[in-house]
Engineer: 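Here it is, the structure, as structure tokens.
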Amino acid sequence: MAVSYELIGETGVITIDNPPVNALSHVVREGVKNAVIAAQSDSSKSVVILCSGRTFIAGADISEFGKPAIPPSLPQVLSVIESSEKPVIAALHGSALGGGFELALACHYRCASSPAKVGLPEVKLGLLPGAGGTQRVPRLAGVEAALDLITSGKPISTDKANKLGLVDRIITGDLREGALEYAQEVVLGDVELRKARNISISPKEVPEGIFEFYKIKLGKRARGQLAPQSIVTCIQAAVELPMDEGLNKERELFLECLDSEQSAALRHMFFAERTAPKIKGLAEGIEPRAISRVAIIGGGTMGCGIAMCFANAGIPVTLLEISADALGRGLQIIDRNYDLSVKKGVFSSEDGILKKGFITGTTQYEDLSDCDLVIEAVFESFEVKKEVFSRLDKVCKPEAILATNTSYLDVNAIAEITSRPENVVGLHFFSPANIMKLLEVVRGEKTSDEVLATAMDIAKKIRKVPVLAGVCFGFIGNRMLRQYVRETQLCLIEGASPEQIDQVMEGWGMAMGPLAVGDLSGLDVAYKARQSLSDQEKGDPKTYCIADALVEKGRLGQKVGKGYYLYVANNRGRTSDPEVLEIINGQALKHGVVRREISDGEILMRLTLALINEGFKILEEGIAQRPSDIDAVYVFGYGFPAFRGGPMFYADQLGLKKVYEMICKLQETNGYQYWVPANLLEELAHSNKTLAEWADS
Ligand code: 3HC
Ligand code: NAI
């Protein structure tokens with residue numbers, strides 16, 4: 001039974017038990033409505049609503065969105081609760097989120113255990129609270145608190161909610177007992193039921209211009225997104241309209257958001273994130289190994305960030321460097337990063353010191369003998385990695401997992417350096433490693449199921465989104481990125497400017513345009529990698545000639561103050577530099593390219609199709625398990641806009657037939673081999689199937 005009702009003394013107790021998170025599925029909505037109706041005619045004097053399991057209701061059942069709605073709707077259920085003649089008290093534990101918190105707000109009283117959380121995270125799904133949240137929160141907590149809570153989507157502690165007037169009572173002992181006592185108190189106390197709808201907000205108390213201010217602020221922070229703007233409109237309606245009209249406005253805008261492509265994309269990402277760690281075909285009964293001590297080899301850009309990920313999760317880490325000097329530099333980087341986090345308010349200074357305390361340094365391999373997991377992050381050179389893995393294999397206990405953070409090298413070849421290829425795996429972090437959520441878990445030919453399960457498990461403990469990838473050059477993310485960068489370079493030489501390309505992609509939602517990204521990571525890195533390629537591997541010499549010319553002129557990117565743009569010291573902003581256009585024109589002349597005007601639409605199409613076509617190849621080769629994994633890689637590792645759902649979801653939105661035709665057209669126009677449409681794309685386009693349907697089958 002998802003919902004049960006019992007009489008305990010004079011209190012009717014409704015218990016919701018709908019694992020895993022008590023989402024408001026149809027059975028729950030119907031069960032709660034019926035139980036509240038039943039309570040009206042029995043001997044109860046009050047009604048308590050509580051939940052079994054690890055949490056109060058975590059919101060509407062997201063998997064029901066996009067399907068035909070089955071009554072009763074949540075607003076109908078809440079209306080029954082609110083109009084109960086007996087006081088209804090919600091008892092919260094775990095997380096009361098979205099529709100779950102709205103249900104509590106429609107009750108006459110709310111008590112909660114501490115610590116617990118409440119929040120309205122709908123905006124993260126491209127939605128707004130659709131069951132009175134935008135009308136009741138401003139009435140109970142004020143307009144400003146409502147704007148912050150609902151437009152950020154961030155949960156707050158029940159203690160804070162109590163201070164804001166959103167929760168009436170904090171229960172320190174057993175929640176059920178405390179809620180029953182509170183219910184009796186309520187029955188003896190208030191004569192009139194407390195309903196948020198009876199509170200009106202005086203327009204005089206609302207700061208002047210606050211709604212315009214939030215709309216402008218959100219327009220910048222959540223560029224192009226519908227839900228944040230609609231939330232502000234609804235909260236404004238709570239001030240200007242009577243409750244029922246405000247509720248109608250909220251419903252109208254909620255349904256508009258629910259129907260939007262943006263919400264479909266964000267809902268897709270909600271499930272993509274949670275599906276990615278699941279490994280298909282894993283042998284039954286596999287349990288992850290315990291990881292209680294970790295070592296990182298190499299304290300450079302990546303090693304330091306990776307060490308922080310484990311320290312932040314309270315797992316002791318040993319950082320090994322090649323010399324005392326190098327170790328000192330690494331530990332200094334870590335110190336600086338923690339100080340910066342403290343300055344930014346991410347941690348308190350005590351917390352910063354505590355976390356830093358989990359990291360120790362060494363130059364001796366023998367100190368790693370009791371580590372359960374070692375992650376190598378030394379230079380991207382097979383020879384250097386070979387030496388490291390041979391030494392690790394000798395000193396580490398046989399069951400220790402040896403992982404490599406390589407970006408491009410062959411994980412199978414690395415595994416074969418050791419006597420334990422089954423315990424070798426790729427753990428590919430993204431820079432800055434302590435911030436970026438993506439972790440590609442690269443499965444070698446011989447990597448055991450237990451090692452993969454452990455990698456997925458530890459990834460979640462360090463708060464990453466792990467995605468399984470097979471071995472190939474660049475795995476999922478960087479393999480697709482090569483195509484995107486290639487097309488960027490071709491657009492440049494054919495006629496676009498760096499400013500135009502970056503503005504198009506950023507305007508579309510990418511966190512940063514491709515040329516600004518190049519400047520940030522340093523143009524010399526890819527330059528060096530290209531120098532090691534044969535002419536055949538390099539392909540058409542005009543493709544990277546502009547990037548090469550910039551490096552050869554000392555324009556290495558942000559670190560030297562100039563790349564595709566100019567950077568003024570201490571100011572991370574970029575400005576245009578006429579010299580770059582001269583370089584581009586010079587290279588075009590040298591390679592016989594007549595530059596032309598390229599439209600914004602063409603840039604967007606070529607860059608996104610380059611990602612999509614490679615994504616299809618990755619799927620048909622089995623390098624990625626499912627299309628949504630590729631989306632997770634791009635959204636959590638490459639700044640792809642979540643509200644567009646990742647490149648593969650976007651392909652489905654465009655329609656695969658259209659995608660296929662556009663790629664064929666590009667192939668026809670320029671004849672390049674890389675515009676050969678992927679077989680899987682061709683097949684789905686011909687059979688009129690979507691990628692989502694292909695993945696389900
Ligand atoms: N609907 C359907 N399934 C849900 C769900 C929901 N609201 N919330 C979580 N789940 C599922 C997850 O998909 C996952 O399923 P799986 O095990 O099959 O992969 C399982 O529940 C556990 O979820 P998590 O892995 O996220 O568990 P955590 O313990 O890490 O986190 C949580 C728990 C904090 C509750 C987190 O799940 C969460 O934030 N949930 C979403 C909350 C949310 O967005 N609510 C708003 C919904 S929209 C709404 O309410 C509209 C309303 O205004 C009308
Ligand atoms: P880096 O040059 O910043 O750091 C490498 C560190 O390894 C240096 O501090 C060096 O002293 C140390 N080192 C070299 N040989 C060693 C040895 N034998 N024993 C111990 N330490 C040794 O390099 P970065 O950028 O941190 O890259 C490391 C690895 O991570 C590479 O394989 C790279 O491809 C990969 N990677 C890099 C990303 C990036 O954005 N920089 C992103 C993802 C992966």
Side-chain angles (χ1 to χ4, degrees), residues 18-25 54-65 73-75 78 94-103 117 119-134 150 153 155 250-251 254 257-258 263 266-267 270-271 273-278 296-306 319-323 325-327 329-330 333 362-363 365 375-389 391-392 404-409 426-433 436 438 440 460 463 475 477-478 520-522 525 529 637:
N18 186 30
V21 295
N22 292 314
L24 288 158
S25 319
R54 59 176 155 141
T55 182
F56 191 73
I57 304 163
D61 184 341
I62 303 168
S63 65
E64 285 185 359
F65 290 150
S73 69
L74 188 56
L78 301 203
S95 303
L97 299 176
F101 187 41
E102 290 178 291
L103 180 143
K117 289 200 161 149
L120 294 166
E122 284 87 343
V123 71
K124 296 184 186 169
L125 298 169
L127 296 171
L128 51 92
T134 65
I150 309 178
E250 181 194 76
R251 196 70 193 157
F254 172 78
C257 286
L258 188 63
S263 175
L266 286 161
R267 277 156 23 219
F270 177 87
F271 290 113
E273 178 180 350
R274 286 160 179 80
T275 309
K278 295 174 185 159
I296 312 294
I297 317 297
T301 312
M302 294 307 288
C304 290
I306 299 171
L319 183 68
L320 184 142
E321 257 291 352
I322 197 153
S323 66
D325 271 2
L327 179 61
R329 276 195 301 275
I333 297 177
T362 186
T363 53
Y365 275 80
I375 303 172
E376 164 280 309
V378 301
F379 303 135
E380 185 74 342
S381 142
F382 187 75
E383 287 314 309
V384 180
K385 292 194 195 282
K386 189 172 172 183
E387 195 213 318
V388 169
F389 273 85
R391 296 187 71 175
L392 288 174
T404 172
N405 185 46
T406 181
S407 306
Y408 293 101
L409 297 174
L427 290 182
H428 186 218
F429 289 77
F430 288 72
S431 181
M436 295 303 284
L438 176 65
E440 279 182 328
K460 282 206 249 171
R463 307 176 76 82
F475 316 124
N478 283 346
L520 181 68
S521 35
V525 181

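Numbering of ligands and ligand atoms starts at 1, following listing order. Only heavy atoms go into these numbers, but all of them, side chains included; no hydrogens, no water, no symmetry mates.
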Engineer: If the cut-off is 4.0 Å to any non-hydrogen atom of Pro20, which atoms of ligand 1 fall inside it?
Structural biologist: 20 (C), 21 (O)

Engineer: Does atom 30 (O) of ligand 1 have a protein non-hydrogen atom under 4.0 Å from it?
Structural biologist: no

Engineer: Tell me the protein heavy atom at minimum distance from atom 27 (O) of ligand 1, and give that distance in Å.
Structural biologist: Arg54 NH1, 3.6 Å

Engineer: What are the two closest heavy atoms between Pro129 and Glu102, and how far apart are they?
Structural biologist: CB-OE2, 3.2 Å

Engineer: Can you sort out the partners of Phe430 under ring pair (Phe, Tyr, Trp, His ring centres under 6.0 Å), two or more places apart, ordered by chain and number?
Structural biologist: His428, Tyr638

Engineer: Under 3.5 Å between some N or O of ligand 1 and some N or O of Ile62?
Structural biologist: yes

Engineer: Show which atoms of ligand 1 fall inside a sub-4.0 Å distance from at least one heavy-atom site of Phe270.
Structural biologist: 8 (N), 9 (C), 13 (O), 40 (N), 41 (C)

Engineer: Below 4.0 Å from ligand 1: does a non-hydrogen atom of Lys117 turn up there or not?
Structural biologist: no

Engineer: Using non-hydrogen atoms of the residue, decide whether Leu97 is closer than 4.0 angstrom to ligand 1.
Structural biologist: yes

Engineer: More than 12 heavy atoms of other residues, nucleotides or ligands under 6.0 Å from NZ of Lys124: yes or no?
Structural biologist: yes

Engineer: Need the ligand 1 atom indices (1-based, order shown) with element for anything under 4.0 Å from a heavy-atom of Gly99.
Structural biologist: 49 (C), 50 (O), 52 (C), 53 (O)

Engineer: With atoms numbered from 1 as shown, which atoms in ligand 1 lie under 4.0 angstrom from a non-hydrogen atom of Gly130?
Structural biologist: 53 (O), 54 (C)

Engineer: With atom 9 (C) of ligand 1 as the reference point, say which of Val21, Leu103, Thr275, Leu24 has the nearest heavy atom.
Structural biologist: Val21

Engineer: If I apply the N/O under 3.5 Å rule, does Ala60 come out as touching ligand 1?
Structural biologist: yes

Engineer: Compare every heavy atom of Gly126 with every heavy atom of Cys257, then report the nearest pair and how far apart it is.
Structural biologist: CB-O, 3.4 Å

Engineer: Looking only at the side chains, is there a donor atom on one of Ser63 and Asp61 sitting less than 3.5 Å from an acceptor on the other?
Structural biologist: yes

Engineer: Within the structure, does at least one protein heavy atom fall under 4.0 Å of atom 18 (O) of ligand 1?
Structural biologist: yes

Engineer: With heavy atoms of Glu122 as the reference, note each atom of ligand 1 found under 4.0 Å away.
Structural biologist: 48 (S), 49 (C), 50 (O), 51 (C), 52 (C), 53 (O)

Engineer: Closest heavy-atom contact between Ile57 and Asn22?
Structural biologist: CG2-O, 3.1 Å

Engineer: Please find the pair of heavy atoms, one from Cys304 and one from Gly299, that lie closest to each other, and give the distance.
Structural biologist: SG-O, 3.3 Å

Engineer: Heavy atoms under 4.0 Å from ligand 2: which residues qualify?
Structural biologist: Ile297, Gly298, Gly299, Gly300, Thr301, Met302, Leu320, Glu321, Ile322, Tyr365, Ala377, Val378, Phe379, Glu380, Val384, Lys385, Val388, Asn405, Thr406, Ser407, His428, Phe429, Ser431

Engineer: Any donor and acceptor pair, going by atom type alone, linking the side chain of Lys385 with main-chain N or O of Val378 inside 3.5 Å?
Structural biologist: yes

Engineer: Could you tell me whether a side-chain N or O of Glu122 sits under 3.5 Å from a main-chain N or O of Gly130, the two making a donor and an acceptor?
Structural biologist: no

Engineer: Hey, are the side chains of Ile375 and Ile297 touching, using non-hydrogen atoms and a 4.5 Å cut-off?
Structural biologist: no

Engineer: I need the contact type for Glu102 against ligand 1. Using non-hydrogen atoms and a strict under-4.0 Å cut-off, is it side chain, backbone, both or neither?
Structural biologist: side chain

Engineer: What atoms of ligand 1 come within less than 4.0 Å of a heavy atom belonging to Pro129?
Structural biologist: 53 (O)

Engineer: Do Glu321 and Thr363 pair up side chain to side chain, a donor and an acceptor below 3.5 Å, judged on atom types alone?
Structural biologist: no

Engineer: Looking only at heavy atoms, is any part of Asp61 under 4.0 Å from ligand 1, and if so is it the side chain, the backbone, or both, or is it neither?
Structural biologist: both

Engineer: Can you confirm whether something in the protein, heavy atoms only, sits under 4.0 Å from atom 50 (O) of ligand 1?
Structural biologist: yes

Engineer: Specify the protein heavy atom at minimum distance from atom 45 (N) of ligand 1: its residue, its atom name, and the distance to 0.1 Å.
Structural biologist: Ala58 O, 2.9 Å

Engineer: So, Ser25 and Asn18: side-chain donor and acceptor under 3.5 Å apart, yes or no?
Structural biologist: yes

Engineer: Of all the heavy-atom pairs spanning Ala377 and Met302, show the shortest one and how long it is.
Structural biologist: CB-CB, 4.4 Å

Engineer: Within 45° of the axis and under 6.0 Å from the centre of the six-membered ring of Phe270, does NZ or CZ of Arg274 qualify?
Structural biologist: yes

Engineer: Roughly how far, to the nearest 0.5 Å, is the OG atom of Ser263 from the CG atom of Leu258?
Structural biologist: 5.5 Å

Engineer: Measure from the side-chain N and O atoms of Asn405 to the backbone N and O of Phe429, and report whether any donor-acceptor pair falls under 3.5 Å.
Structural biologist: yes

Engineer: So which protein heavy atom does atom 36 (C) of ligand 1 come closest to, and at what separation?
Structural biologist: Arg274 NH2, 4.1 Å

Engineer: Which one holds for Leu125 and ligand 1: side chain close, backbone close, both close, or neither close, with close meaning a heavy atom under 4.0 Å?
Structural biologist: side chain

Engineer: So which atom in Leu78 and which in Leu103 form the shortest heavy-atom distance, rounded to 0.1 Å?
Structural biologist: CD2-CA, 3.6 Å

Engineer: Look up atom 43 (C) of ligand 1 and tell me if a protein heavy atom lies less than 4.0 Å from it?
Structural biologist: yes

Engineer: Looking at ligand 1, does any of its N/O atoms fall within less than 3.5 Å of an N/O of Lys278?
Structural biologist: yes

Engineer: Check ligand 1 against Gly98 and write out every atom of the ligand that is under 4.0 Å from a heavy-atom position of the residue.
Structural biologist: 46 (C), 50 (O)

